[in-house]
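The structure appears right after this line, and notes come after that.
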Amino acid sequence: MNSNLSAAAQRTVGPVTEIRPGKGLLDLDLRSVWQYRELMWILVGRDLKVMYRQAALGAAWAVLQPLFAVAIFTVVFGIFARMSSDGVPYPIFAFSALLAWTYFSEAVRRSGTGLVNEGDLIRKIYFPRLIISLAGVITPLVDFAITFIVLLGMMFWYGVTPTWQILMVVPLLAVTSLLALAISLWLGPINVRYRDIKHTLPFLLQVWMYASPIIYPLSMIPERWKAWYCLNPMVGIIEGFRWAILGKGNLDLTAISVSAVLIVALLFGGLIFFRRMERSFADLI
Amino acid sequence: MTNELAIKAEGLGKRYLLGGAGKNHDSVRDLLVDTVGSLFRRRDPQAKSANEFWALNDASFEIRRGENVGIIGLNGAGKSTLLKILSRITEPTNGRARINGRVGALLEVGTGFHPELTGRENVYLYGTILGMSRAEIASKFEAIVDFSEIRQFIDTPVKRYSSGMYVRLAFAVAAHLEPEILLLDEVLAVGDITFQRKCIDFAKRLQKQNATILFVSHNMFTIKTMCTRVIYLKKGRVLYDGPTDEGIKRFEDDCRLATVPWVKNSKDMPIEIIGVELADQGGREKTVFDHGERMTLRINYESRRPVATPNFIVVFSRSDDVACCNYTTETDHFVIDQVSGQGTIELRTPPLSLVADTYTISILVREQGFGELLCAQLGGTFHVRHEMFDQNFGVFHEQAQWRRVDGAPTASANPPANLKVVGATDVRR
């Protein structure tokens, strides 16, 4: 009897859950994401293990993929088309931008299609769905780190010495992942309803890549179009990466500010949109 | 203290729009326009739509701490929807619920297992998915592996597991959840009999710890052993909420003479079943039969017009809807000249060789030569009881003759079926 009472007394401390329809527009409930952070990390760990364990070459893929792209771009654009590279060896020029782009596109792909891929979990388990999107932009950071080391090796080979500015890669990377998250907060819920996103996404990303200064320098864009061109939030980011890694030119503050404003707007709107749509995920997937 | 509420639900409702995903948007543009619009419009929960469907409607109940409540009802009655709302997987359309305590929801065993990962990795993955902390899983890891009985394969990728091993490991993790409120959806129905016993033990252990259990099942037998109270849902509404025996009786009475689900228009059928009685050989009414017992089934019918040479068909279907056997007057060469008005027909089965399970009776009447359907109704349910023969032994079990033909001497003849069974269970104890 006594032990029963004390057990019951202990339980009164337990959490209280309120279940009700449609919470307010601005109730983003980010605290629950924090509460479920362990699940997010374990999903990241699972994806990394599976990714590297399934492939015969394992982690080597993370290196080979951008290396192939760099090789192709170097041959096609650097050698055949004689694209300007602002006085830097073309492979390094292309790689410094591809490093950021490869991470960005992989993060958008993972994060944007993650909700549908985790359909089983969403149908049977409760957790803040946002952690799937978060995990999607965190997982490819490991690939980024490996590729970055390869880039440093290549820079050494070509005799390009990094400066202190290379430390700026870290905040720039953070901005990139926020942009990827913002994009997928919009794409993910739409993909739940319209599975065509999965097929359109590679195409969209390819167009976006050519609309960003990756194979060509920003200096090639005519001055009068530049303002419009910089509305692409990846422009400021890519130029930032080049500036940080190659130590040349100036950080384009206008482009970076445009990126920052766009990211904040997309992220905030995306969070509201995601929360709004989240309620029906389990019914639609 | 025990009076304290674990769950309080007030007017819970869940509306689904038929025809797929909500409104039918023709293009992504429509969707965007609509969604942006709906962000700024207040939703009207009472808005009517022609193709809407209330999976749950105005469900209110209070569940006290430590109570074990069974949720019963036919398929599509809203049982799973209720659990999904209470476990926060989906939001209610209206109403509210307040849950007091740590919730563990088991709507499926093994959700989130990844085939490429090892057993060990999956224990951590699945444990976290179910809401345990890493430290909690680490401290229970040995116990989980012991419980699963597959220690030697714990570092093998689970894609190499048999389905049985897979479920055992998943359940071993789930069984180490220590929720204050457990939501269980039919998960006990999987696995072999020893496994099912483990599941029941798990639930009983939680009962002893004064946990609150909400349990959805089709198996009235399990509901009876586990729950003191049932909530009977019908077409999304709470039809009954009270003591188990009364609730199950109401449910079974309701199912008793309903039209079988696959018949579309039952209104024009000329024959109606107005009562079904189950009894043993001695004429005592009952619904639980031992394997090997004979059953007497009395069918009271009413024929709205005279029907010549009708063929009465009785079907027993297992709990998973597999039709297991069929008795028909025509194949048994029992000729009924004509039926008109009220009457009664009696079927006496051979000794039941069906394995232990819950069976649903369907009663069909057709024209001679398995022609036009004249009647198709459910006739209630019954249970077959046996210590050993369950679905793992197939649909039915009967004794066969064995002998050695390689010349070796035979030690003994087959003992009679019943004796053998008693002996076998005694040895196992």
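In what follows, chains carry the letters A, B, and so on, assigned in the order in which the sequence lines appear, proteins first and then strands, with residues in each chain numbered from 1. Since the structure is predicted, the reported quantities are computational estimates derived from the model, not experimental observations. Every heavy atom of this structure was used, including side-chain atoms; hydrogens, water molecules and symmetry mates were not.
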- With sequence neighbours left out, the residues meeting side-chain contact (heavy atoms from CB on, under 4.5 Å) with A:Leu178 are A:Ile263, A:Leu267
Residue pair [X] / [Y], side-chain heavy-atom distance below 4.5 Å:
| X | Y | value |
| --- | --- | --- |
| A:Ile19 | B:Arg88 | yes |
| A:Ile122 | B:Ile89 | no |
| B:Pro92 | A:Arg20 | no |
| A:Val50 | B:His114 | yes |

Side chain, backbone, both or neither of [X] within contact of chain A (heavy atoms, under 4.5 Å):
| X | result |
| --- | --- |
| B:Leu130 | side chain |
| B:Thr111 | both |
| B:Glu116 | both |

- Message: Can you confirm whether more than 12 heavy atoms, excluding those of A:Gln65, are under 6.0 Å from its CD atom?
- Response: no
- Message: Around atom CH2 of A:Trp41, are there more than 12 heavy atoms from other residues, nucleotides or ligands closer than 6.0 Å?
- Response: no
- Query: Rounded to the nearest 0.5 Å, what separation is found between the CG atom of B:Leu107 and the CD1 atom of A:Ile125?
  - Reply: 7.5 Å
- Message: If I compare all heavy atoms of A:Leu121 with all of B:Ile129, which pair ends up nearest, and what's the gap?
- Response: CD2-CD1, 3.7 Å
- Where is the tightest heavy-atom contact between B:Glu121 and A:Lys49, given as atom of each residue plus distance? OE2-CD, 3.3 Å
- Item | Salt bridge A:Asp283-B:Lys14, side-chain N to carboxylate O under 4.0 Å | yes
- Salt-bridged, A:Glu18 to B:Arg98, with N to O below 4.0 Å? yes
- Note on the structure: Looking only at B:Gly95, B:Ala9, B:Gly13, B:Pro115, most heavy-atom pairs under 4.5 Å shared with chain A are made by B:Gly95
- Message: Out of the candidates B:Ile7, B:Ile181, B:Ile99, only one should pair with A:Thr17 under the side chain to side chain contact (heavy atoms under 4.5 Å, CB included) rule; please name it.
- Response: B:Ile99
- Message: Can a donor-acceptor pair be found, under 3.5 Å and without considering hydrogens, that links the side chain of A:Glu38 to the backbone of B:Arg134?
- Response: yes
